[in-house]
Amino acid sequence: MADNFSLAALMFPDISSTPDKLLEAYPPRALKEGALVTRFAPSPTGFLHIGNVFTAMVAERAARASGGTYILRIEDTDKKREVEGGVQLLIQSLAGFGIVFDEGPMDGGGERGDYGPYTQSGRRALYHTFCRALVEKGLAYPCFCTEEALAGSRAAQEEQGMTPGYWGEHAVCRRFSPDEAERHIKSGMPYVVRMRSPGKPGGRVKFRDVIRGDIEMEENFLDVVLLKKDGLPTYHFAHVVDDTLMRVNQVIRGDEWIASAPIHLQMLWMCGLKPLKYAHVSPIMKEEDGSRRKLSKRKDPEAAATYFEQQGYPSDAVIEYLLSIANSNYEDWRKQNREASWASFPFSLGKMSASGALFDIVKLQSVSGDVIARMTARQVTEHACRWAQTYDASLYGRLSADLAFTQGIFAIDRGGSKPRKDITRWGDVGDYCDYFFSSAFDTSGLTAQYGADVCRDVLSAYLDIYNPADGKDEWFAAIKNICGPLGFCPDVKQYKAEPDKHKGHVGDISAIIRFAVTGRKNTPDLHAIMALLGENECRGRMERCIASLR
RNA sequence: GGCCCGUUGGUCAAGCGGUCAAGACGGCGGCCUCUCACGCCGCAAACAGGAGUUCGAUUCUCCUACGGGUCACCA
């Protein structure tokens, strides 16, 4: 005569352990007060969404800020979605953002930590142990319904206006005796394992979400699948056993999971496990046609984490932007701690907003400009070269030809308390510094504004007194000195008071020189530029300019 | 449709019964200034709507509207 124990033995012949033994094998961690053990648990699809980076960062910050542990767990229970090399790619991409794990699979293979395996496909026996115990207690049972049958009852339920799913009249396998179940199994029928939900329609569950506060919803009354036909667990079941066995004490995940929290709480209870603590993170949104939606992998290029690297945003800038979305006091902190690493920011899960933020590329640019402005010329040079090396070969050629010169470019107007902020991503540097590498300027803009004669006179006069040894003050004084003879006013204010008395003012003189030397109307400190270019180059450029004006 | 979550300026957001409703990005104006930046100063700009509770609601309750999420042998 079959019973739940013989049924369990038939279903899990190679499982001899028990949940209690597993709990002993993965004992509670020695943690200091308030330390959070968090995890990032992606499926290895090979695509890293910026929203995932956000969630991963939040979990990482929460762990680090509390002196806890951060775990990577690979959820590869859906073989259809798996991509070759996806795990390595994921680890590397996250590392590129400065997000690293204490435990889990490692770059280059292998894994670290005492609570593994960290890949779900390697944890089969663990799930089966818990599942076997459930079957023995009559809390789980095999279900032989075909997908067609399921679809049929779903349609019927919907027609009747009742909640679709495996419950009530439609949970046919739930009512099988152990005898019937065994007979079906022995006949070779494929089956899934479902939990025997104790829930009732209309029942309520309450739980506290760290981000959203108290939430109350209808309890689960569906006989949810624990193990799929292939013996691998569903997300729900895997989550429950993994997070308790890994001793995760703060589950941080996307808010799309909040609807299934009642399932998880119920499973935990049925397994005799303590409820987990949850924090559901809102997704990053995108505005389109006046309405919001999640950033879409298909429609939005900025949904891909790789987009930002390609565009040349420093990874620190992306993280700081994300951090400012997560904890709005981040920007105030940054203002007070100019030079500190974002890693020392006292991150707080509780300060997260419950509503989803719109992705704001303009704000990212502002943050990025600040991040780059804080860098030294050397750091800028290194970053720009590294970026150009893979994304802009010709730029790389220019930048790397003479690194001291390149660093000199980035040193102009850098450092000090008011650094320039006009580079917001490495993709900007090509435009930013092109005139340092080429002197093929079109001077028509110059003559259009001042007339060829004036330009020629100004440049000739300047060439006569040009002294490359001048410091910035002498350099500018020299320019002022040629104003008078040329009919320009050396003092801007004076000129503005009586504009008719002069052809223009010093600004116009230096504008002409600037244009001859750089081909631009606007540049950083011209004296510094000329000093870097050197006497020969500067003279050459001005002489060529004069020649082109004839 | 059921259940759940959300809604403060264009955007991110402080606020947690009494505030002239912070700050940041962006916008606009000004100052500084050889240009452009930077910096500084200033301006415009918000509590989705309606009922309650209260001496008093952005804050508490309910309803409505709108937005989002979820209802798989996917995560």
Looking for any heavy atom pair under 4.0 Å, which part of the strands does [X] touch: base, sugar-phosphate only, or nothing?
X: A:Arg253; answer: nothing
X: A:Arg520; answer: nothing
X: A:Lys421; answer: sugar-phosphate
X: A:Arg212; answer: sugar-phosphate
X: A:Lys335; answer: sugar-phosphate
X: A:Ser282; answer: nothing
X: A:Lys472; answer: base
X: A:Val362; answer: sugar-phosphate
X: A:Cys145; answer: base
X: A:Ser43; answer: sugar-phosphate
X: A:Ala354; answer: sugar-phosphate
X: A:Glu216; answer: sugar-phosphate

Atom [atom1], compared across [N] and [M]: separation rounded to whole Å:
N: B:U59; M: B:A22; atom1: C1'; answer: 16 Å
N: B:C28; M: B:C71; atom1: P; answer: 45 Å
N: B:U58; M: B:A14; atom1: C1'; answer: 12 Å
N: B:C25; M: B:A13; atom1: C1'; answer: 11 Å
N: B:C16; M: B:C60; atom1: C1'; answer: 11 Å
N: B:C3; M: B:C12; atom1: C1'; answer: 30 Å
N: B:U8; M: B:A46; atom1: C1'; answer: 5 Å
N: B:A72; M: B:U54; atom1: P; answer: 45 Å

*asked:* For A:Phe47, does the six-membered ring have the charged nitrogen or CZ of A:Lys297 within the cation-pi criterion, i.e. under 6.0 angstrom from the centroid and within 45° of the normal?
replied: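 The answer is yes; both the distance and angle limits are met.
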
*Does NZ or CZ of A:Arg253 lie under 6.0 Å from the centre of the six-membered ring of A:Tyr278, at an angle within 45° of the ring axis?*
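Negative - A:Arg253 is either too far from the ring of A:Tyr278 or too far off its axis.
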
_Plane angle bin for A:Tyr127 and A:Phe237 - parallel if under 30°, tilted between 30 and 60°, otherwise perpendicular_ = tilted

So which nucleotide does [N] pair with, by the Watson-Crick or G-U wobble rule with both distances under 3.5 Å?
N: B:A51; value: B:U61
N: B:G23; value: B:C12
N: B:G39; value: B:C31
N: B:G1; value: B:C71
N: B:C66; value: B:G6

*asked:* B:A75, OP1 or OP2 - any side-chain N/O from A:Thr77 closer than 4.0 Å?
replied: yes

*Does A:Arg194 place a side-chain N or O at less than 4.0 Å from the phosphate oxygens OP1/OP2 of B:C73?*
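Checking A:Arg194 against B:C73: at least one side-chain N or O falls below 4.0 Å of OP1 or OP2.
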
Starting at [atom1] of [X] and ending at [atom2] of [N], how long is that distance when rounded to a whole Å?
X: A:Lys363; N: B:C25; atom1: NZ; atom2: C1'; value: 4 Å
X: A:Met352; N: B:C12; atom1: CE; atom2: P; value: 14 Å
X: A:Asp422; N: B:A37; atom1: CG; atom2: P; value: 9 Å
X: A:Arg39; N: B:A75; atom1: CZ; atom2: P; value: 14 Å
X: A:Asp360; N: B:G26; atom1: CG; atom2: C1'; value: 8 Å
X: A:His264; N: B:C4; atom1: NE2; atom2: C1'; value: 15 Å
X: A:Met162; N: B:G1; atom1: CE; atom2: P; value: 20 Å
X: A:Ile325; N: B:C25; atom1: CD1; atom2: P; value: 15 Å

*asked:* With a 3.5 Å cut-off and heavy atoms only, can you find an N or O donor on one side and an acceptor on the other between the side chain of A:Ser510 and the base of B:C34?
replied: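 Side chain to base: pair found, below 3.5 Å.
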
*asked:* If you go through the side-chain atoms of A:Arg420, does one of them form a donor-acceptor pair with the base of B:C36 closer than 3.5 Å?
replied: yes

Nearest to the side chain of [X], which nucleotide is it out of [options]?
X: A:Thr523; options: B:U35, B:C34, B:G23; value: B:U35
X: A:Glu75; options: B:C5, B:A75, B:G6; value: B:A75
X: A:Glu331; options: B:C34, B:G23, B:C73; value: B:G23
X: A:Ala357; options: B:C12, B:U35, B:G39; value: B:C12

*Closest approach of A:Ile482 to A:Ala461 (non-hydrogen atoms, all atoms of both residues)*: CG2-O, 4.2 Å

*Can you name the closest pair of heavy atoms from A:Ile74 and A:Pro105 and give their distance?*
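Closest pair (atom of A:Ile74, atom of A:Pro105, distance): CG1-CG, 3.8 Å.
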
Distances under 3.5 Å between nitrogen or oxygen atoms of protein and nucleotides 62-70 of chain B:
| residue | atom | partner | partner atom | Å |
| --- | --- | --- | --- | --- |
| B:G68 | OP1 | A:Arg292 | O | 3.1 |

Can you check whether [X] and [Y] have ring centres sitting under 6.0 Å from each other?
X: A:Tyr166; Y: A:Phe221; result: no
X: A:Tyr450; Y: A:Phe488; result: no
X: A:Tyr141; Y: A:Phe176; result: no
X: A:Trp342; Y: A:Phe345; result: no

Strictly distance-based, threshold 3.5 Å: is any side-chain N or O of [X] a donor or acceptor partner for the main-chain N or O of [Y]?
X: A:Thr424; Y: A:Ser368; value: no
X: A:Glu218; Y: A:Pro201; value: no
X: A:Lys228; Y: A:Val193; value: no

*asked:* With the threshold set at under 4.0 Å for non-hydrogen atoms, list the residues of residues 44-53 of chain A touching RNA chain B in residue-number order.
replied: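 Those residues whose heavy atoms fall under 4.0 Å from RNA chain B, taken from residues 44-53 of chain A, amount to none.
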
*Hey, which sits more toward the 5' end of RNA chain B by its nearest nucleotide, A:Phe476 or A:Phe359?*
A:Phe359

_Please compare A:Arg204 and A:Leu222 by the position of their nearest nucleotide in RNA chain B and report the one closer to 5'._
A:Arg204

*Passing candidate, salt bridge (charged side-chain N to carboxylate O under 4.0 Å, His left out) with A:Asp370, options A:Lys421, A:Arg338, A:Arg334*: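 Of A:Lys421, A:Arg338, A:Arg334, salt bridge (charged side-chain N to carboxylate O under 4.0 Å, His left out) with A:Asp370 is met by A:Lys421 alone.
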
*Classify the side-chain pair A:Ser121/A:Asp76 by whether it contains a donor and acceptor separated by less than 3.5 Å.*
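Side chains of A:Ser121 and A:Asp76: pair found under 3.5 Å.
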
